[in-house]
Amino acid sequence: MQLSTEHIPVALERTIDLLAPALAGTNPCVIDATLGLGGHAERLLERFTALRLIGIDRDKSALEKAAARLSRFENRVTLVHAVYDQITEVARESGYSAVQGILFDLGVSSMQLDQSERGFAYSHDAPLDMRMDQSRGVSAHEVVNTFSHEELTRILRVYGEEKFASRIAARIIDARKLAPLNSTVTLAELVKESIPAATRRVGGNPAKRTFQALRIYVNNELEVLEHAIPAALELLAINGRMVVLSYQSLEDRIVKQAFTEVTSSEVPHGLPVEPAPAPFHLLTRSSESASDEEIAVNPRAQSVRIRAIERRAA
Ligand SMILES: C[S@@+](CC[C@H](N)C(=O)[O-])C[C@H]1O[C@@H](n2cnc3c(N)ncnc32)[C@H](O)[C@@H]1O
């Protein structure tokens with residue numbers, strides 16, 4: 001399969017290097033909680049020849065593509081259609097109560113953005129959908145055509161950090177009185193018209209924040225992540241490692257907070273005793289970014305924040 005530059009996995013070598021010390025033993029197991037097109041998974045399976053990999057994705061078409069890509073490792077790979085907050089159950093069903101490595105490469109895949117009919121991209125005209133799992137849940141179409149001004153404003157403000165949330169919501173409500181909002185480009189145009197002309201001239205496409213907000217809402221991304229990260233930390237074996245790649249501040253904040261909680265020593269209030277050592281320690285001091293060289297060949301790497309953590313020996 002010839003992959004375009006847009007399909008290059010982000011921070012590939014750094015991710016593998018961060019996970020590597022945990023995967024060197026006998027019979028290691030790694031969970032790729034966001035399998036996507038299987039780019040990171042493929043490299044892990046190539047490099048660690050005894051590695052077993054459990055790959056999770058909520059998008060059936062991603063799983064199909066990854067299955068084809070990873071077919072030569074068939075006997076070391078289990079692929080599961082699930083939402084990643086089911087990580088404990090998925091591991092248990094494959095016979096694992098602890099694993100050596102876990103990877104989250106968050107957000108949408110380049111394939112999902114490229115499949116214009118999925119409605120993720122404001123640059124391609126398509127029906128509004130944005131569900132990663134198209135077999136369930138409300139679509140972006142339902143949200144923009146039926147939600148109240150108050151609900152729309154909240155979604156755009158909270159998940160898109162959109163300053164003009166209320167104006168955009170009002171414009172959506174006005175427009176849909178005339179005809180349902182069916183397409184990505186119609187919505188993108190509407191957002192552009194809602195914001196002051198001076199703001200339109202700075203920054204990127206003004207629809208970016210609205211599309212991010214709808215996608216996060218439709219897929220319940222932040223709540224799922226809030227449950228998934230602690231569950232994944234629980235699953236890590238002693239000396240096990242986890243790497244998370246996030247692409248926007250809302251998800252990075254959740255990861256940072258969950259990592260801080262398990263890496264802070266507990267100091268019993270008012271007692272003159274040594275604090276118990278924290279069960280995990282950070283492998284990345286704050287978050288890391290991709291290198292300029294990587295960003296030059298893979299623009300998706302521009303916004304990545306890399307965080308990694310290891311479970312200490314008891
Ligand atoms: C950025 S892509 C992963 C790309 C992959 N690392 C690669 O190299 O090909 C993210 C994938 O995670 C999936 N995903 C996002 N949120 C998910 C969730 N809550 N549960 C399961 N899969 C999820 C998406 O469907 C998408 O295929």
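Below, all heavy atoms of this structure are taken into account, side chains as well, without hydrogens, waters or symmetry copies. Ligands are counted one by one from 1 in listed order, and the atoms in each one are counted from 1 as well.
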For ligand 1, find out whether one of its N or O atoms is nearer than 3.5 Å to an N or O atom of Ala62. no

Looking only at heavy atoms, is any part of Arg58 under 4.0 Å from ligand 1, and if so is it the side chain, the backbone, or both, or is it neither? both

Note: ligand 1 atoms sitting under 4.0 Å from heavy atoms of Val108 are 1 (C)

Evaluate the ring planes of Phe211 and Tyr122, with Trp represented by its six-membered ring, and classify them as parallel (under 30°), tilted (30 to 60°) or perpendicular (over 60°). perpendicular

Show the atoms of ligand 1 that are less than 4.0 angstrom away from any heavy atom in Pro9. 8 (O)

Suppose I only count heavy atoms of Val83 and a 4.0 Å limit; which atoms of ligand 1 are within that range? 19 (N), 20 (N), 21 (C)

Determine, using heavy atoms of Glu221 and all atoms of ligand 1, whether some pair is separated by less than 4.0 Å. no

Please indicate whether Gln302 has more than 12 foreign heavy atoms, meaning atoms of other residues, nucleotides or ligands, lying under 6.0 Å from its CD. no

Using distance alone, decide if ligand 1 has a nitrogen or oxygen within less than 3.5 Å of any nitrogen or oxygen in Leu37. yes

Nitrogen or oxygen of Val224 less than 3.5 angstrom from that of ligand 1: no

Does Glu234, at its CD atom, have more than 12 non-hydrogen atoms belonging to other residues, nucleotides or ligands within less than 6.0 Å? no

Decide whether the shortest distance between a heavy atom of Ala82 and an atom of ligand 1 is less than 4.0 Å. yes

Testing Thr184, Asp59, Asp129 for side-chain hydrogen bond (donor to acceptor under 3.5 Å, both in side chains) with Arg118, which one passes? Asp59

Check: Gln100 main-chain N/O paired with Arg241 side-chain donor or acceptor under 3.5 Å: no

For ligand 1, the portion of Leu225 having any non-hydrogen atom under 4.0 Å away: neither

Look up atom CG in Asp105 and atom CG in Leu103, then write down how far apart they are to the nearest 0.5 Å. 6.0 Å

Less than 3.5 Å between some nitrogen or oxygen of Asp57 and one of ligand 1, yes or no? yes

Should you measure from each heavy atom of Gly107, which atoms of ligand 1 turn up under 4.0 Å away? 10 (C), 11 (C), 12 (O), 15 (C), 24 (C), 26 (C)

Is the closest N or O pair between His40 and ligand 1 shorter than 3.5 Å? yes

Below 4.0 angstrom from a heavy atom of Asp59, which ligand 1 atoms are there? Numbered from 1 as shown, please. 25 (O)

Here's one to test your reading of the geometry: is the NZ or CZ of Arg305 within 45 degrees of the ring axis of Tyr247 and under 6.0 Å from its centre? no

At under 4.0 Å between heavy atoms, which part of Leu106 makes contact with ligand 1: side chain, backbone, both or neither? backbone

Could you say whether the N/O atoms of Arg300 and ligand 1 ever approach to under 3.5 Å? no

Under a 4.0 angstrom heavy-atom cut-off, which atoms of ligand 1 come close to Met132? 14 (N), 15 (C), 16 (N), 24 (C), 25 (O)

Ligand 1 to Gly38, heavy atom cutoff 4.0 Å, flagged ligand atoms 7 (C), 9 (O)

Less than 4.5 Å apart, any side-chain heavy atom of Asp133 and any of Lys60? no

Find all atoms of ligand 1 within a distance of less than 4.0 Å from any non-hydrogen atom belonging to Gln112, and give their numbers and elements. 24 (C), 25 (O), 26 (C), 27 (O)

Heavy-atom contacts under 4.0 Å between Leu35 and ligand 1: side chain, backbone, both, or neither? backbone

